[in-house]
*Asks:* 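Here it is, the structure, as structure tokens.
In this chain, numbering begins with 1 at the start of the sequence shown.
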Amino acid sequence: MFICRIRRKVSKLSKMIANLDKIVVFSHVVYDKSDVQNPCSVSLNVRSFRSSRLLCESVKSSSSGLAIQISRTAKTGARDVLFEYLHSTRGFSFMDAEHISKNSPHFFEKLLSKFDPEEDVVKSLSKFLRYNPINEFEPFLESLGLSPVEIRSLVPQRLMFLTDDSVMLENFRVLRDYGIPRIKMGKMYKDKPIIIKLVSCCPSLLVGGVDAEFAAVLEWFKELGMEKDEIGGFVSGKGIYDWGRMLDTLDFLDRVGYTDEQLHNLLKTNPALLFQGSGKKVYVLFGQLLKLGLKMNEVYSLFMQNPHILLVKCTKNFFKALDFLFDIAMQTEDIVHIVSTRMELMGSYSLKGPKTVCRELNVKRDELCQIIKEDPLKWFDVASKSKIQSSIQVASKDPSTFLEKTAFLSRLGYLENSDEMLKALKQFRGRGDQLQERFDCLVNAGLDSNIVKNLIKQAPMVLNQLKHLLEKKIDCLTNWLGYLLESVVAFPAYLCYDMERINQRFSMCAWLRERGAAKLMLSLSTILACSDARFVKYFVLVHPEGPAKWDSLKNSLNTA
């Protein structure tokens with residue numbers, strides 16, 4: 001009866017995850033069964049497994065009709081030969097050998113197509129298998145319900161025998177002993193590796209009591225647009241997960257004001273927030289702010305104004321800055337004021353200890369406390385571990401503007417104490433809020449935030465463009481020129497060219513395409529990056545009327 005309940009739980013767990021769409025790499029889990037009769041006594045060891053291209057003996061079928069022409073009696077005899085090969089020669093159990101030989105029709109037909117149907121197929125197959133071992137993964141995976149197309153991408157490299165992959169074989173046996181139908185195991189192998197991974201992390205999913213909470217968390221992930229490979233990558237065999245607390249954490253962040261996009265990006269860049277401690281860090285930070293005396297609505301407002309504070313690095317910096325203020329005996333109401341007004345900066349910089357700062361400034365702790373109370377920005381100037389404080393006057397006359405700018409760069413992934421940060425400070429023009437506005441413009445256009453970060457690091461000048469110009473160039477790219485938005489990832493400099501150059505050159509190319517003198521869709525860099533002389537040579541002089549049209553375009557667009 002207990003085993004029946006386990007079977008129902010696994011089936012139910014499978015259905016919960018069935019609404020997640022994308023296929024991911026299968027993760028093998030070894031189950032050490034001390035007692036087959038007691039499915040609860042299972043220990044699990046996770047090992048990653050990459051599917052790869054099929055590497056086996058290619059059996060070409062010149063005509064699928066050859067196997068069909070073989071008589072039913074000959075087919076039955078040939079299937080018995082395959083069974084004997086698997087059972088007697090390869091050592092498969094009777095049940096396994098029988099199931100594979102009877103439930104791998106595509107492999108079986110392809111195998112028979114090697115032989116002349118006019119000859120004794122049974123004898124030919126028996127002789128063939130005596131000297132030519134088959135790739136056992138093909139009929140095995142087909143017998144689990146997978147199609148030949150699916151099998152082609154799942155058969156491991158450089159392996160022919162199932163015993164070569166003891167981990168996979170052991171997993172199969174455990175699922176078989178649990179009563180999972182063999183014909184459904186293929187779908188679990190291909191589409192549901194997360195089931196095995198989740199059961200290894202949270203065995204209680206098999207005995208009940210947490211189904212509703214787990215299902216609710218999965219529903220959250222679905223609404224946030226999380227893919228299966230992302231979710232599967234978050235959990236670990238070493239972790240223990242409290243699905244109820246994770247659900248409460250997601251609900252809390254939703255009430256605070258995080259949008260679906262912000263939550264998706266937060267979990268994608270910082271999965272530890274939810275999957276290490278099941279959201280405990282959120283409660284610790286939230287509790288600390290309430291302990292300081294902030295009201296609930298004030299805490300909500302701080303989280304909404306500083307969504308990045310929950311990133312691992314920012315949270316660590318914030319708590320260290322808070323400890324700094326406590327160490328110099330600052331009054332609680334003064335700490336609350338600094339937290340309320342400078343939370344972003346507290347999370348952006350790693351600070352030296354109070355003793356070090358006092359020694360460097362040659363002041364006592366109460367004097368340092370007074371300095372920070374009078375000018376909190378001075379605190380980050382003198383206490384930051386980075387080189388920023390030494391170049392504040394060079395970078396900006398306004399410390400507030402400078403610190404906001406460096407806080408923005410920190411969120412992009414620039415290391416504080418690095419030459420890369422100092423170089424970026426010189427390259428980016430504008431206040432921190434203006435840079436953030438331009439960054440958000442690219443994200444709101446449809447690019448992933450991580451892609452935008454990489455794009456900006458490759459081409460910092462993109463963020464020097466005004467927001468309305470970025471919007472205009474993106475609209476031109478997608479709605480007038482007909483290019484995909486992702487094309488700017490390959491050539492971000494497009495966003496830096498002036499609209500006059502863009503309009504003139506693409507109008508010329510469109511004119512040439514109408515006359516069959518240019519390719520339908522050239523890359524952005526091919527059209528924009530070349531010099532004027534080179535463009536005239538390859539895009540104007542290629543048509544007899546080209547020079548006249550080019551002059552006309554320049555005159556009309558210049559006067560427009």
*Asks:* Got a sec, which residues hit side-chain hydrogen bond (donor to acceptor under 3.5 Å, both in side chains) with T526, two or more places apart in sequence or on another chain?
*Replies:*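 For T526 the side-chain hydrogen bond (donor to acceptor under 3.5 Å, both in side chains) partners, ignoring immediate neighbours, are S523.
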*Asks:* With sequence neighbours excluded, tell me which residues meet side chain to side chain contact (heavy atoms under 4.5 Å, CB included) with D498.
*Replies:*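 Result, side chain to side chain contact (heavy atoms under 4.5 Å, CB included) vs D498: E500, R501.
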*Asks:* How close do L447 and V452 get, heavy atom to heavy atom, and via which atoms?
*Replies:*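 Residues L447 and V452, closest heavy atoms: CB-CG2, 3.6 Å.
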*Asks:* How about V488 and V462: do any of their side-chain heavy atoms sit closer than 4.5 Å?
*Replies:*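 No, too far: nothing below the 4.5 Å cut-off.
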*Asks:* Which pair of heavy atoms, one from A518 and one from C509, lies closest together, and at what distance?
*Replies:*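 Shortest heavy-atom separation between A518 and C509 comes out as CB-O, 4.3 Å.
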*Asks:* Between L250 and M246, does a side-chain contact (heavy atoms from CB on, under 4.5 Å) hold up when you go through it step by step?
*Replies:* CA-CA 6 Å; L250 290 168; M246 291 168 68; 5.5 Å; no
*Asks:* Roughly how far apart are M346 CE and T315 OG1, rounded to 0.5 Å?
*Replies:*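 OG1 of T315 is found 12.0 Å from CE of M346.
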*Asks:* Quick one: CG on N464 to CG on L469, what's the gap to the nearest 0.5 Å?
*Replies:*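 It comes to 12.0 Å.
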*Asks:* Going by heavy atoms in the side chains, are H106 and E138 under 4.5 Å from each other?
*Replies:*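 In short, these two side chains do not touch, never coming nearer than 4.5 Å.
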*Asks:* Could you tell me if the side chain of L477 sits less than 4.5 Å from the side chain of L524, heavy atoms only?
*Replies:*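 Yes, their side chains come closer than 4.5 Å.
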*Asks:* Is there a side-chain hydrogen bond (donor to acceptor under 3.5 Å, both in side chains) between D440 and Q436? Walk through the geometry before answering.
*Replies:* CA-CA 6 Å; D440 293 340; Q436 184 67 55; 2.9 Å; yes
*Asks:* Of the non-hydrogen atoms in N503 and C476, which two are nearest, and what is the gap between them?
*Replies:*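 Closest pair (atom of N503, atom of C476, distance): OD1-SG, 4.4 Å.
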*Asks:* Is it the case that N479 and D475 place a side-chain donor and acceptor less than 3.5 Å from each other?
*Replies:*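 Result is yes, a qualifying pair exists.
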*Asks:* Taking the side chain from R438 and the backbone from Q465, do they hold a donor-acceptor pair closer than 3.5 Å?
*Replies:*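 Present.
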*Asks:* Does NZ or CZ of R505 fall inside the cone over F535's six-membered ring, less than 6.0 Å from its centre and within 45° of the axis?
*Replies:*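 Verdict for F535: a cation-pi partner in R505.
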*Asks:* Please report the interatomic distance CD(E150) to CZ(R152), rounded to the nearest 0.5 Å.
*Replies:*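 Here the rounded value is 11.0 Å.
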*Asks:* Using 0.5 Å steps for rounding, measure from the OG atom of S143 to the CZ atom of F107.
*Replies:*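 It comes to 11.0 Å.
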*Asks:* May I have all residue pairs that pass ring-ring contact (aromatic ring centres under 6.0 Å, His included) and include part of residues 490-532, sequence neighbours excluded?
*Replies:*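 Checked against ring-ring contact (aromatic ring centres under 6.0 Å, His included) - neighbours excluded - the pairs reaching residues 490-532 are Y483-F506, W511-H543.
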*Asks:* Would F539 and R534 satisfy side-chain contact (heavy atoms from CB on, under 4.5 Å), going step by step from the backbone distance to the final call?
*Replies:* CA-CA 8 Å; F539 294 96; R534 190 174 182 84; over 6 Å; no
*Asks:* I want to check something: taking the side chain as every heavy atom from C-beta on, are M160 and E136 in contact at a cut-off of under 4.5 Å?
*Replies:*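 Sidechains of E136 and M160: no contact.
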*Asks:* Carefully, step by step, assess D433 and F408 under the rule side-chain contact (heavy atoms from CB on, under 4.5 Å).
*Replies:* CA-CA 8 Å; D433 61 326; F408 168 75; over 6 Å; no
*Asks:* Looking at every non-hydrogen atom in both residues, tell me the closest pair between N317 and G347 and how far apart they are.
*Replies:*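 Looking at all heavy atoms of both residues, the shortest contact is ND2-O, 3.2 Å.
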*Asks:* Of all heavy-atom pairs between V339 and L289, which one has the smallest distance, and what is that distance?
*Replies:*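 Taking V339 first and L289 second, the nearest heavy atoms are CG1-CD2, 3.9 Å.
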*Asks:* R182 versus F172: any side-chain heavy-atom pair under 4.5 Å?
*Replies:*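 Yes; the side chains approach each other to less than 4.5 Å.
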*Asks:* Could you tell me if the side chain of M461 sits less than 4.5 Å from the side chain of F428, heavy atoms only?
*Replies:*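 Not touching, per the 4.5 Å side-chain cut-off.
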*Asks:* Would you call K472 and M499 a side-chain contact if the rule is heavy atoms closer than 4.5 Å?
*Replies:*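 When only atoms from C-beta onward are counted, M499 and K472 do touch, with a gap below 4.5 Å.
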*Asks:* Taking all non-hydrogen atoms of both residues, which atom of A517 and which atom of V542 are closest, and how far apart?
*Replies:*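 For A517 and V542, the tightest heavy-atom pair comes out as O-CG2, 4.4 Å.
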*Asks:* So, using side chain to side chain contact (heavy atoms under 4.5 Å, CB included) as the criterion, who are the partners of T478 when residues are at least two apart?
*Replies:*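 Side chain to side chain contact (heavy atoms under 4.5 Å, CB included) check on T478 returns L485.
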*Asks:* How long is the gap from CZ on F318 to CG on L285, to the nearest 0.5 Å?
*Replies:*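 One gets 6.0 Å once the value is rounded to the nearest 0.5 Å.
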*Asks:* Can you confirm whether K457 is buried at NZ, in the sense that more than 12 heavy atoms of other residues, nucleotides or ligands lie under 6.0 Å from that atom?
*Replies:*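 Enclosed.
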*Asks:* D254: what forms a side chain to side chain contact (heavy atoms under 4.5 Å, CB included) with it, not counting sequence neighbours?
*Replies:*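 With neighbours one apart ignored, the set is W220.
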*Asks:* Heavy-atom distance under 4.5 Å between the side chains of I474 and L442, does that happen here?
*Replies:*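 They are in contact (side-chain heavy atoms under 4.5 Å apart), so the answer is yes.
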*Asks:* Holding to side chain to side chain contact (heavy atoms under 4.5 Å, CB included), I want the full list of residues that pass it with C441, two or more places apart in sequence or in another chain.
*Replies:*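 C441 satisfies side chain to side chain contact (heavy atoms under 4.5 Å, CB included) with K467, L470, E471 only.
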*Asks:* So, taking the atom named OG in S507 and the one named NZ in K549, what distance separates them when rounded to the nearest 0.5 Å?
*Replies:*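 It is 8.0 Å, given to the nearest 0.5 Å.
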*Asks:* Mind running side-chain contact (heavy atoms from CB on, under 4.5 Å) on I502 and I527 for me, showing each step along the way?
*Replies:* CA-CA 9 Å; I502 293 173; I527 298 174; over 6 Å; no
